[in-house]
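Below is one structure, written out as structure tokens; the observations come after it.
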Amino acid sequence: MKKLGFGLMRLPKIGEEIDIEQTKVMVDHFMEASFTYFDTAWAYAGSEDAIRQALVERYPRDSYTLATKMAAWINCQTRDDALKQFETSLKQTGVDYFDYYLLHNLGEHRTKYFDDFGMWDWILEMKETGKIKNAGFSFHSTPEELDELLTNHPQMDFVQLQINYADWDNPAIKSRECYEVAKKHGKQVIVMEPVKGGLLANPPETVEKVFKEADKDASCASWAIKFAANLDNVMVVLSGMSNIAQMDDNISYMKDFDHLSDEEIQVIHHAQEVLNSIPLIPCTTCNYCAKVCPMHIGISGSFTAMNMYTLYDNFERAKGQYGWLVTDHGLKLASECVKCGACENVCPQHISIRDELVKVVQTFE
């Protein structure tokens, strides 16, 4: 199987509705180039219906590979609620089985739902019935938690991880460490966010300059996707393509991709060095500050969002990250800081946390 996968989270739209006709054209381009892996999810609004119309109803079932996901932590009070997601996915996609089925977005508090509902045993039972061919999970958390999950559930066939050159050694994401854990357990890896939600298609100017000096005709996105595809144990790299131009660009450099040359690897290393040289808040997300903060401020999440804004100058994405990492995790906004200074007394990086939180308030609140 070729290594480029079609991520169906960001399909083209007309207004609020997915553009089925343009999606059909994109599916056709993808299939004509001999790519076959399609990735959707119950939680991607309209995506499963769209791929039924654009792919399932138009191509033989054995000509493509379809993956979807269960998010047991979304509005599920019981095991039956979670199982309804699986039945809904079968109905919406119009298939009798899934080639790859994922327990979706494990990590932190979300893992508990899959444990409590017995989803680990259930997914193996579905493999025995043939309704699922390969069982795995997607994951957003620490390498330590990933190691625990793969140790406790060795029957999983694969794991889906966020991997890109920007997050490779990012202390908030730890892509390299998570990848190495999966590799240690002998699991195939499916890569998500290789272009970091599109941010690496338009990286900081200093990073773009590195890539353009190496190959003026290659898109910045191509370097990001090939970085992930070059890793051992990576089965497929998902790209959330939103239009035909993105599709054709990805196909152009992935249709015959084998591996990066030594020179290309050095270019990416240089780009990483340039990216890492941009002044950021030196937070390593150790969260020692969180243990002593009397107000339960989302300090590390606030700094992660600020660093994203500094790097990519994308306010909406950074503000969304602020909401996700702070309020969505049950923590308080930076504006509720009482400036007691307890956090600064324990910070290993000696960050002026109170001053930085003021900047967070001025930026996002």
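- Residues Tyr288 and Val346 approach most closely at O-CG2, 3.7 Å, considering heavy atoms.
- More than 12 heavy atoms of other residues, nucleotides or ligands lie within 6.0 Å of NZ in Lys212, so this atom counts as buried by the packing criterion.
- The neighbour count for Asn152 CG, taken as heavy atoms of other residues, nucleotides or ligands under 6.0 Å away, is above 12.
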Could you go through Asp167 and Arg176, starting from their C-alpha distance and side-chain angles, then the distance that decides it, and tell me whether this counts as salt bridge (charged side-chain N to carboxylate O under 4.0 Å, His left out)? CA-CA 8 Å; Asp167 292 329; Arg176 181 205 295 267; over 6 Å; no

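- The environment of Glu365 atom CD is dense: over 12 non-hydrogen atoms of other residues, nucleotides or ligands sit within 6.0 angstrom.
- At least one donor-acceptor pair under 3.5 Å links the side chain of Gln246 to the backbone N or O of Ser242.
- Less than 6.0 angstrom separates the ring centroid of Trp122 from the ring centroid of Phe86.
- Other residues, nucleotides and ligands place more than 12 heavy atoms under 6.0 Å from the NZ atom of Lys127.
- In Gln155, the CD atom is crowded: over 12 heavy atoms of neighbouring residues, nucleotides or ligands sit closer than 6.0 Å.
- Glu48 contributes no side-chain N or O that, together with a main-chain N or O of Thr93, makes up a donor-acceptor pair within less than 3.5 Å.
- With Thr65 contributing its side chain and Asp99 its backbone, the two residues share no donor-acceptor pair below 3.5 Å.
- Within 6.0 Å of CD on Glu17 lie no more than 12 heavy atoms contributed by other residues, nucleotides or ligands.
- Tyr322 pairs with exactly one of Phe364, Tyr309, Phe303 by the ring pair (Phe, Tyr, Trp, His ring centres under 6.0 Å) rule, that one being Phe364.
- Taking the ring axis of Tyr97 as reference, the NZ or CZ atom of Lys131 does not stay both within 45° of it and closer than 6.0 Å to the ring centre.
- Relative orientation of the Phe211 and Trp223 rings is parallel, given thresholds of 30° and 60° on the angle between their planes.
- Between the CZ atom in Arg110 and the CZ atom in Phe139 there is a gap of 8.5 Å [rounded to 0.5 Å].
- Between Tyr59 and Tyr64, the ring center distance fails the sub-6.0 Å criterion.
- Lys84 NZ: 12 or fewer foreign heavy atoms inside a 6.0 Å radius.
- Judged by distance alone, the side chain of Asp39 and the main-chain N or O of Ala67 form no donor-acceptor pair under 3.5 Å.
- Using the six-membered ring where Trp is involved, His153 and Trp120 have ring planes that are parallel, under 30° apart on the 30 and 60° scheme.
- Taking each heavy atom of Leu11 and Ala50 in turn, the nearest pair found is CD1-CB, 4.0 Å.
- Using cut-offs of 30° and 60° on the angle between ring planes, the pair His329 and His109 is perpendicular.
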Evaluate side chain to side chain donor-acceptor pair (under 3.5 Å) for Thr40 paired with Ser47, printing each intermediate quantity in order. CA-CA 6 Å; Thr40 183; Ser47 178; 2.7 Å; yes

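- Taking NZ of Lys255 as the reference point, atom CG of Leu4 lies at 12.5 Å (rounded to 0.5 Å).
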